[in-house]
There are 2 protein chains.
Amino acid sequence: MSPEPQTGPANRIAAELRAAIADGRYQPGAQLPPVRDLAKQYGVSRNTAAKAINILRTEGAIVTRYGSGAYVRESHPIRTLGPDRYARSKWQETRVRAHGEDDGREKEQQGTQAQEVEIVPAEEDVAVALGVPIASLVVERSRTVFRDGLPTHTMVSYYRPEEVRDTPIMDDRPGMAGRGGSFAILTDLGLAPQDVDEKLKARMPTTDEVDVLRLPPGEPVVELTRWIKTAEGYVVEYAKGVHAASRFEWLYSFPIPD
Amino acid sequence: MSPEPQTGPANRIAAELRAAIADGRYQPGAQLPPVRDLAKQYGVSRNTAAKAINILRTEGAIVTRYGSGAYVRESHPIRTLGPDRYARSKWQETRVRAHGEDDGREKEQQGTQAQEVEIVPAEEDVAVALGVPIASLVVERSRTVFRDGLPTHTMVSYYRPEEVRDTPIMDDRPGMAGRGGSFAILTDLGLAPQDVDEKLKARMPTTDEVDVLRLPPGEPVVELTRWIKTAEGYVVEYAKGVHAASRFEWLYSFPIPD
DNA sequence: TAGTGGTCTAGACCACTTC
DNA sequence: AAGTGGTCTAGACCACTAA
């Protein structure tokens, strides 16, 4: 009935370790026995013990550090992303700080590294979103967001060049147009953001994403696409993000439509 | 710099096959060369060729059928879930049909199998959501939803027993209270749904979920939690679902808060 | 029955970490 | 230098599919 044989020593060892982790015999961060020891203990080949470890790795239960050992995965606090993260009250603050000098605590809550602003030809989805011809030039602002010293997500925003030219949005110094800062700038330009459309899709990461987000094997990502619109429904920013799934959850509220 | 050695024959073979799949040399549904052939072709051991296949399997690029072969994964159409799926206009229809007889085409668009209604003691999250004591009895309605003959998601709803007793919500025949049917019933009870809160979280499936949803290895799931509230903010239904990530995307729109 | 995927062993070598 | 994870080989056996 079951198409996949779930038996065999490797699966048995994996199951026992999984149980041991689940009931706390191995705490988060604790090191598991070395593969060679597991092999001896269970009377299997090293290869088979390694396979068991690999199964747990794929499930995301453990993380292996090359040359060091296998460790029970530390769970990071989950950040809940609700509509509030776009609240107007938050831009003001950011905006005021943006006028001042770098106060040296930028990375405390949400540090941005690897910020980059480029002018690139629009891919199809960008062109459609912004209502410009395909391959016409658009402003692309990319950044990788860190928390607790680890990357949590990437975000790439697109703007029409004629709208953001000569604004701090073009400034690639970290923190300048970060957070809701761009919203304040757009407001100044007479393009006040009013509504947000968001699309979420979960999938396994590409190898590039595994690299950039330093994802443990077996961790999915959530692709977030958003459209920021003015009261007239005019899209002023189109953005795409890739989030490490284990670090986020999303919260939405809406009235039941007619 | 890179902590994980990504080199080696297995990875090289996986990369070549991945590329071949990506540019269409292997179409969806097509069978890949047998592991033994790959081994011979690349001059590696059978074990290594199998490992390459396993990498692609973990990534979800291919599906293996025991004793038959490895096949490029067929992609299912993605269903977009927006607020519209709760629209009032949709309950009416369902409600009218619910009064009629089973017309035999139930499974055409969205078939529900394995519907089950039970009265169970409330777990903590259920108790909190419905505002009842932990372990007090609540009505639990579980179902697995199919599409194209394959399970796409599970859904478990909770209600207060005194509110839904003697209503079709307690009827475990498939299709009776399915879709928005429960909303119409709640409306009749003077508990008209007005607002929806939804929470989304992506993660890897448990082994149970792999079984029930027949998930290919490497496919994540999305956990959806929702609260259905009346105009007064009273929670009339609390529900949790587990969705096969590859078959859905979610769409939300909201105004920027103050 | 032949073909195929899944698994395992025993031994080997390499790459990285830790001391 | 010692310990550890990652990978590979060559051969073997088992489980399942398809004809």
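Below, chains carry the letters A, B, ... as their sequence lines are ordered, and counting in each starts from 1.
- Distance, A:D37 CG to D:dT4 P: 6 Å, rounded to whole Å.
- Geometrically, A:R141 does not engage A:Y159 in a cation-pi contact, judged by NZ or CZ lying under 6.0 Å from the ring centre and within 45° of the ring axis.
- Comparing B:R65 and A:V44 along DNA chain C, the residue whose closest nucleotide (by nearest heavy atom) sits nearer the 5' end is B:R65.
- In this structure, OH of A:Y66 is placed 11 Å from C1' of C:dT17, rounded to the nearest angstrom.
- Between A:E123 and A:K240 there is no salt bridge, since no side-chain N of the basic residue sits under 4.0 Å from a carboxylate O of the acidic one.
- When the side-chain nitrogen and oxygen atoms of B:T64 are compared with OP1 and OP2 of C:dG6, one or more of them lie within a distance under 4.0 Å.
- Note: CG (A:L38) to P (D:dG6) measures 12 Å, nearest angstrom.
- As rounded to whole Å, 19 Å separates atom C1' of C:dT9 from atom OH of A:Y42.
- Taking atom CZ of B:R57 as the reference point, atom C1' of C:dT7 lies 12 Å away to the nearest angstrom.
- Salt-bridge check for A:R226 with A:E237: passed, with a basic side-chain N closer than 4.0 Å to an acidic carboxylate O.
- Between B:N54 and A:N47, the one whose closest nucleotide on DNA chain C sits nearer the 5' end is B:N54.
- In terms of modelled atom types and a separation under 3.5 Å, the side chain of A:E209 and the main chain of A:T154 share no donor-acceptor contact.
- Computed from coordinates, the B:I62 CD1 to C:dG6 P distance equals 8 Å when rounded to whole Å.
- Between B:T48 and D:dT7 there is no side-chain N or O to OP1 or OP2 distance below 4.0 Å.
- Side-chain nitrogen and oxygen atoms of B:S68 include none within less than 4.0 Å of the OP1 or OP2 phosphate oxygen of D:dT17.
- We find that NZ of B:K51 is positioned 7 Å from C1' of D:dG6, with the value rounded to whole Å.
- Below the 3.5 angstrom threshold, one finds a donor paired with an acceptor across the side chain of A:R36 and the base of D:dG5.
- A donor N or O paired with an acceptor N or O is found under 3.5 Å between the base of D:dG6 and the side-chain atoms of A:R46.
- In this structure, the nucleotide among D:dT7, C:dT9, D:dG5 sitting nearest to the side chain of A:A50 is D:dT7.
- B:E223 places no side-chain N or O within donor-acceptor distance of the main-chain N or O of B:R203, the cut-off being under 3.5 Å.
- Taking atom CG on B:L32 and atom C1' on C:dG5, their separation rounds to 13 Å, with Å as the unit.
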